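Written below as structure tokens is the structure these notes are about.
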Amino acid sequence: MNRIYLIGFMGCGKSAVGRRLSFLLKLPFYDMDKEIVRQTGKTIPEIFEQHGEKYFRDLETQFLQNFKNDYCIISTGGGVTMRKENRKIMRNTGLVMFLDAPFREIWRRIHRDPNRPIVRQSTREEIEALHKARYRDYKQTAHITIRTEFRTLRQITQYAAFQVNRLKSERFDFN
Ligand SMILES: Nc1ncnc2c1ncn2[C@@H]1O[C@H](COP(=O)(O)OP(=O)(O)OP(=O)(O)O)[C@@H](O)[C@H]1O
Ligand SMILES: O=C(O)C1=C[C@@H](O)[C@@H](O)[C@H](O)C1
Ligand SMILES: [Mg+2]
């Protein structure tokens with residue numbers, strides 16, 4: 001139990017908060033999407049186009065199964081909680097934090113980003129339905145939910161660090 005996973009929908013701030021939290025807590029930072037891009041030598045849109053979504057989901061599961069490092073921050077892909085196996089690995093190997101952002105804010109951040117293939121292929125209504133459909137899994141997988149509305153990245157990061165420090169003596173053995 002000594003990793004910190006950040007989960008949540010596309011654009012909720014997992015990568016941005018993860019990077020800041022790693023500075024604050026002085027722990028290494030891994031971004032699952034970036035690790036998959038590095039390992040395959042392909043961008044995420046290329047993986048989706050050339051191999052399909054299932055192949056990408058398999059890469060996510062393999063990443064979680066094979067990852068060996070402890071004492072680190074991991075920002076996950078927005079779809080990582082779709083698979084039960086992934087949810088189980090994360091719950092069992094770390095503290096899981098859900099960054100809960102309102103959909104209108106998420107949409108404002110992601111709708112023009114060409115690097116999110118699911119957004120490129122869908123309407124706003126479809127993405128909103130996906131957000132709704134995934135919400136329960138984010139909530140249930142997380143040990144802690146952080147509502148991000150009206151909070152800056154700095155405030156969210158500080159709150160996340162506070163929660164980690166609070167739990168440290170109980171469940172973690174960070175040094
Ligand atoms: N609380 C916030 N306040 C202001 N800007 C934010 C906040 N959270 C995230 N952002 C900005 O929104 C954009 C999307 O955030 P980020 O890339 O971290 O999302 P993500 O959860 O990693 O998405 P994905 O699942 O697609 O990788 C970034 O430009 C980030 O700086
Ligand atoms: O929500 C999703 O399904 C995704 C989110 C991104 O982080 C990437 O993992 C990819 O674009 C798929
Ligand atoms: Mg990200």
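If you're wondering where the values come from, they're calculated on a predicted model, not measured in any experiment. Just follow the structure's listing: the first ligand is 1, and inside any ligand the first atom is 1. What you see below is based on every heavy atom in this structure, not just the backbone, and it leaves out hydrogens, waters and symmetry mates.
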- Amino acids contacting ligand 1, non-hydrogen cut-off under 4.0 Å: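 Lining ligand 1 at under 4.0 Å, by heavy atoms, one finds F9, M10, G11, C12, G13, K14, S15, A16, D33, G78, R109, R116, R151, L153, I156.
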- Query: Going through the checks in order, is the side chain to side chain contact (heavy atoms under 4.5 Å, CB included) test met by R83 and D58?
  - Reply: CA-CA 10 Å; R83 289 195 178 173; D58 288 341; 2.8 Å; yes
- Query: Ignoring water, what protein N, O or S atoms are under 2.8 Å from the Mg ion (ligand 3)?
  - Reply: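 Checking every protein N, O and S atom gives S15 OG.
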Of all the atoms in ligand 2, which lie at a distance below 4.0 Å from a heavy atom belonging to [X]?
X    : result
D33  : 6 (C), 7 (O), 8 (C), 9 (O)
P117 : 11 (O)
I44  : 10 (C), 11 (O)
G77  : 7 (O), 9 (O)
I118 : 2 (C), 3 (O)

- If you look only at pairs with a residue in residues 10-28, which of them pass as a side chain to side chain donor-acceptor pair (under 3.5 Å), with sequence neighbours excluded?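 As it turns out, the side chain to side chain donor-acceptor pair (under 3.5 Å) pairs with a partner in residues 10-28, which skip direct neighbours, are S15-D31.
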- Item | Side chain, backbone, both or neither: F9 near ligand 2, heavy atoms under 4.0 Å |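 It is neither part, as no heavy atom is under 4.0 Å.
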- For the residue pair Q65 and E85, confirm or rule out a side-chain donor-acceptor distance under 3.5 Å.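 Side chains of Q65 and E85: pair found under 3.5 Å.
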- Does a donor on one side chain and an acceptor on the other come within less than 3.5 Å for Q155 and Y159?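 No, because no side-chain N or O of Q155 sits under 3.5 Å from a partner of the opposite role on Y159.
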- Of all the heavy atoms in R57, does at least one lie under 4.0 Å from an atom in ligand 2?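 Contact check R57 vs ligand 2: positive.
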- Query: Are any of the N/O atoms in R134 less than 3.5 Å from those in ligand 2?
  - Reply: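 Yes, since at least one N or O of R134 sits under 3.5 Å from an N or O of ligand 2.
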Please name the pair of heavy atoms, one in [X] and one in [Y], separated by the smallest distance, quoted to 0.1 Å.
X    : Y    : value
A161 : L25  : CB-CD2, 4.0 Å
G78  : Y138 : O-OH, 2.5 Å
S122 : I127 : CB-CD1, 3.7 Å

- Message: In terms of relative ring orientation, are F103 and H131 parallel, tilted or perpendicular, with 30° and 60° separating the classes?
- Response: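 Tilted, since the angle between the ring planes falls between 30° and 60°.
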- Query: For R147, does the CZ atom have more than 12 heavy-atom neighbours from other residues, nucleotides or ligands under 6.0 Å away?
  - Reply: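 Counting other residues, nucleotides and ligands, CZ of R147 stays at 12 neighbours or fewer.
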- Taking R91 for the side chain and V96 for the main chain, is one N or O donor matched with an acceptor at less than 3.5 Å?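 No.
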- Query: Please, which pairs that meet salt bridge (charged side-chain N to carboxylate O under 4.0 Å, His left out) have at least one residue in residues 115-124, sequence neighbours excluded?
  - Reply: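 Matches after skipping sequence neighbours: E49-R120, D113-R116.
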- Item | Step-by-step side chain to side chain contact (heavy atoms under 4.5 Å, CB included) determination, E35 to R38 | CA-CA 5 Å; E35 291 299 313; R38 197 175 56 79; 2.6 Å; yes
- Run the salt-bridge test on E105 and R109 with the 4.0 Å N-O cut-off and return the result as yes or no.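 A salt bridge links E105 with R109.
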